[in-house]
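In what follows, a structure is listed as structure tokens, so that the remarks can point back to it.
Nothing fancy with the numbering, it's 1 onward along the sequence. The shown structure was predicted, so the numbers you read here are calculated from the model rather than taken from an experiment.
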Amino acid sequence: MTTAAHLSGQPARKAADLLKAYLGLTKPRVIELLLVTTIPAMLLAVRGIPSPFLVLATLVGGTMAAGSANALNCVVDSDIDQVMKRTRARPLVRHTVSNRHALIFGIALGAGSFLVLWAATNLLAGVLAVATILFYVFIYTMVLKRRTAQNIVWGGAAGCMPVVIGWAGVTGRIDWPALVMFGVVFFWTPPHTWSLAMKYKDDYERAGVPMLPVVASPTAVSRQIVLFTWLMVIWTLLLVPATGWLYTAFALVSGAWFIVLAHRLHAATKRGVPTKPMRLFHMSNTYLMIVFVALAVDSALSLPVLGWPW
């Protein structure tokens with residue numbers, strides 16, 4: 001016999017499951033990149049601590065924008081998510097949420113992000129957020145992802161935009177340090193993503209997604225990882241004139257660490273011995289956190305700027 005307590009518990013569980021499903025559409029782990037990079041960008045913009053309200057509003061609006069892009073990505077990619085082991089637990093694959101409702105949810109989040117950023121920061125930040133969503137959905141997801149092995153190189157530009165949005169949210173404009181931070185994330189994205197794709201090569205091949213590890217040899221992939229790693233580390237040093245000794249020290253040490261691991265992966269790949277690309281993948285997350293946390297602390301403490309050498 002079904003008890004009243006049991007019946008009353010069912011709607012609560014269903015509501016919790018539905019909430020979890022909608023949260024899953026936003027890919028919260030991907031949004032962590034927003035938190036890691038946006039706040040340091042805002043701190044660097046003022047070489048201090050900006051208004052807490054401004055930081056909160058930018059994070060809320062930016063999180064909504066990222067959630068919108070990710071939810072719409074889930075709608076477009078629902079067919080390939082069904083055949084990839086890594087994505088079979090996503091809400092649309094499990095039919096926890098319908099494609100139509102996910103589409104409405106994604107559009108609503110995007111509109112909300114624009115309104116929040118426009119009202120709480122400025123129009124430029126709101127426009128940049130919308131442009132990022134449109135680029136991620138229409139250029140990366142619908143065009144590049146299934147057509148070129150360089151998909152993540154150019155499509156990854158969307159993941160670089162939080163630093164620019166954060167900078168614009170504080171200053172109302174885009175200056176060269178914002179573009180340098182954009183470049184850091186831009187060059188970081190291929191080593192980060194390709195190391196993951198090396199692990200899940202069969203998944204991408206089954207889904208018909210031409211990620212680089214699917215269409216190129218392991219040695220060619222690891223060589224590209226080394227190339228982009230060097231570009232990334234060198235690019236981080238372009239921020240030195242706008243920062244202090246703390247950022248510079250951590251950028252150099254953590255960059256050297258990343259380079260060593262990338263070269264080790266490449267050397268093992270060339271020898272044909274078993275490799276562990278996921279070690280580089282996880283390390284890349286730690287590296288990005290170290291660089292941007294160092295940037296945040298350096299800026300918050302208002303350490304003397306090293307400036308240009310001339």
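- Sequence neighbours left out, not one pair with a member in residues 283-292 passes salt bridge (charged side-chain N to carboxylate O under 4.0 Å, His left out).
- Within the 4.5 Å cutoff, side-chain heavy atoms of L44 are placed close to those of W167.
- Under the side-chain hydrogen bond (donor to acceptor under 3.5 Å, both in side chains) criterion, R86 pairs with Y204, sequence neighbours left out.
- From T243, atom OG1 reaches atom CG of L237 across 9.5 Å, with rounding to the nearest 0.5 Å.
- Placement of V291 and V253 in two distinct hydrophobic clusters is found when ILVMFWY residues are connected by side-chain heavy-atom separations under 4.5 Å, directly or transitively.
- Looking at N73 and V137, their side chains never come closer than 4.5 Å, going by heavy atoms from C-beta outward.
- To the nearest 0.5 Å, the span separating CG on L295 from OG1 on T37 amounts to 10.5 Å.
- For residues 129-151, the salt bridge (charged side-chain N to carboxylate O under 4.0 Å, His left out) pairs, not counting sequence neighbours, are D77-K145, D77-R146, D79-R146.
- Using a 4.0 Å cut-off between charged nitrogen and carboxylate oxygen, R206 and D203 count as a salt-bridge pair.
- Two residues are said to be in side-chain contact when any heavy atoms from C-beta on lie closer than 4.5 Å; W194 and L280 fail this criterion.
- No donor-acceptor pair under 3.5 Å is formed between the side chain of S68 and the backbone N or O of M64.
- For W257, the CH2 atom sits in a packed shell: over 12 heavy atoms of surrounding residues, nucleotides or ligands are nearer than 6.0 Å.
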Please set out all donor-acceptor pairs under 3.5 angstrom arising from side-chain atoms of residues 207-219, sequence neighbours excluded.
residue	atom	partner	partner atom	Å
S217	OG	A220	N	3.2

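- Side-chain atoms of W235 come within 3.5 Å of backbone atoms of V180 as a donor-acceptor pair (strictly under, hydrogens ignored).
- Heavy atoms only, all atoms of each residue included: A168 and N122 are closest at O-ND2, 2.7 Å.
- L134 and L123 fall within a single hydrophobic cluster, where Ile, Leu, Val, Met, Phe, Trp and Tyr side chains are chained together by heavy-atom contacts under 4.5 Å.
- Between K199 and F281, every side-chain heavy-atom pair lies at or beyond the 4.5 Å cut-off.
- Taking CG of L179 as the start and CD1 of I174 as the end, the distance is 6.5 Å to the nearest 0.5 Å.
- Here L59 contributes atom CG and I165 contributes atom CD1; the two are 11.0 Å apart, rounded to the nearest 0.5 Å.
- In the displayed structure, I80 atom CD1 is contacted under 6.0 Å by more than 12 heavy atoms of other residues, nucleotides or ligands.
- At a threshold of 4.5 Å between non-hydrogen side-chain atoms, the residues P40 and M181 do not count as touching.
- A donor-acceptor pair is defined here as one N or O able to donate and one able to accept, closer than 3.5 Å; no such pair exists between the side chain of T58 and the backbone of G166.
- Sequence neighbours left out, the pairs with a member in residues 33-53 that pass salt bridge (charged side-chain N to carboxylate O under 4.0 Å, His left out) are R47-D298.
- Within the structure, the side chain to side chain donor-acceptor pair (under 3.5 Å) test picks out the following pairs touching residues 279-292 (sequence neighbours left out): H192-S284.
- Remark: T189 engages I152, V185, T193 in a side chain to side chain contact (heavy atoms under 4.5 Å, CB included) (not counting sequence neighbours).
- Residues L239 and P177 have side chains in contact (heavy-atom distance under 4.5 Å, counting atoms from C-beta outward).
- In this structure, F138 is a member of the same hydrophobic cluster as L72, with clusters built from ILVMFWY side-chain heavy atoms closer than 4.5 Å.
- Hydrophobic clustering (side-chain heavy atoms under 4.5 Å, transitive across Ile, Leu, Val, Met, Phe, Trp, Tyr) keeps L23 apart from V97.
- Using a 30° and 60° split on the angle between ring planes, F187 and F228 fall in the tilted class, from 30° to 60°.
- Residues V75 and L92 are in side-chain contact: their nearest non-hydrogen atoms beyond the backbone lie under 4.5 Å apart.
- S113 contributes atom OG, which lies 4.0 Å from atom CD1 of I133 (distance to the nearest 0.5 angstrom).
- A heavy-atom distance below 4.5 Å is not found between the side chains of I225 and P190.
- F250 pairs by the ring pair (Phe, Tyr, Trp, His ring centres under 6.0 Å) definition with nothing, not counting sequence neighbours.
- Residues that satisfy the ring pair (Phe, Tyr, Trp, His ring centres under 6.0 Å) test with F105, not counting sequence neighbours, are Y22.
- Other residues, nucleotides and ligands contribute over 12 non-hydrogen atoms within 6.0 Å of the CH2 atom of W176.
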Show me the donor-acceptor pairs within less than 3.5 Å that the side chains of residues 261-274 make with the rest of the protein, sequence neighbours left out.
residue	atom	partner	partner atom	Å
H263	NE2	W230	NE1	2.9
H266	ND1	S222	OG	2.7
T269	OG1	L265	O	2.7

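- Sorted by first and then second residue, the salt bridge (charged side-chain N to carboxylate O under 4.0 Å, His left out) pairs with a member in residues 90-113 read D81-R90; sequence neighbours excluded.
- Between P191 and S195, the shortest heavy-atom distance links the atoms O-OG, 2.8 Å.
- Take R173 and apply the salt bridge (charged side-chain N to carboxylate O under 4.0 Å, His left out) test, not counting sequence neighbours, and it matches D175.
- Remark: the backbone N or O of A66 is paired with a side-chain donor or acceptor of N70 at under 3.5 angstrom.
- L238 and V305 fall into different hydrophobic clusters, where Ile, Leu, Val, Met, Phe, Trp and Tyr residues are linked whenever their side-chain heavy atoms come under 4.5 Å apart, directly or through other members.
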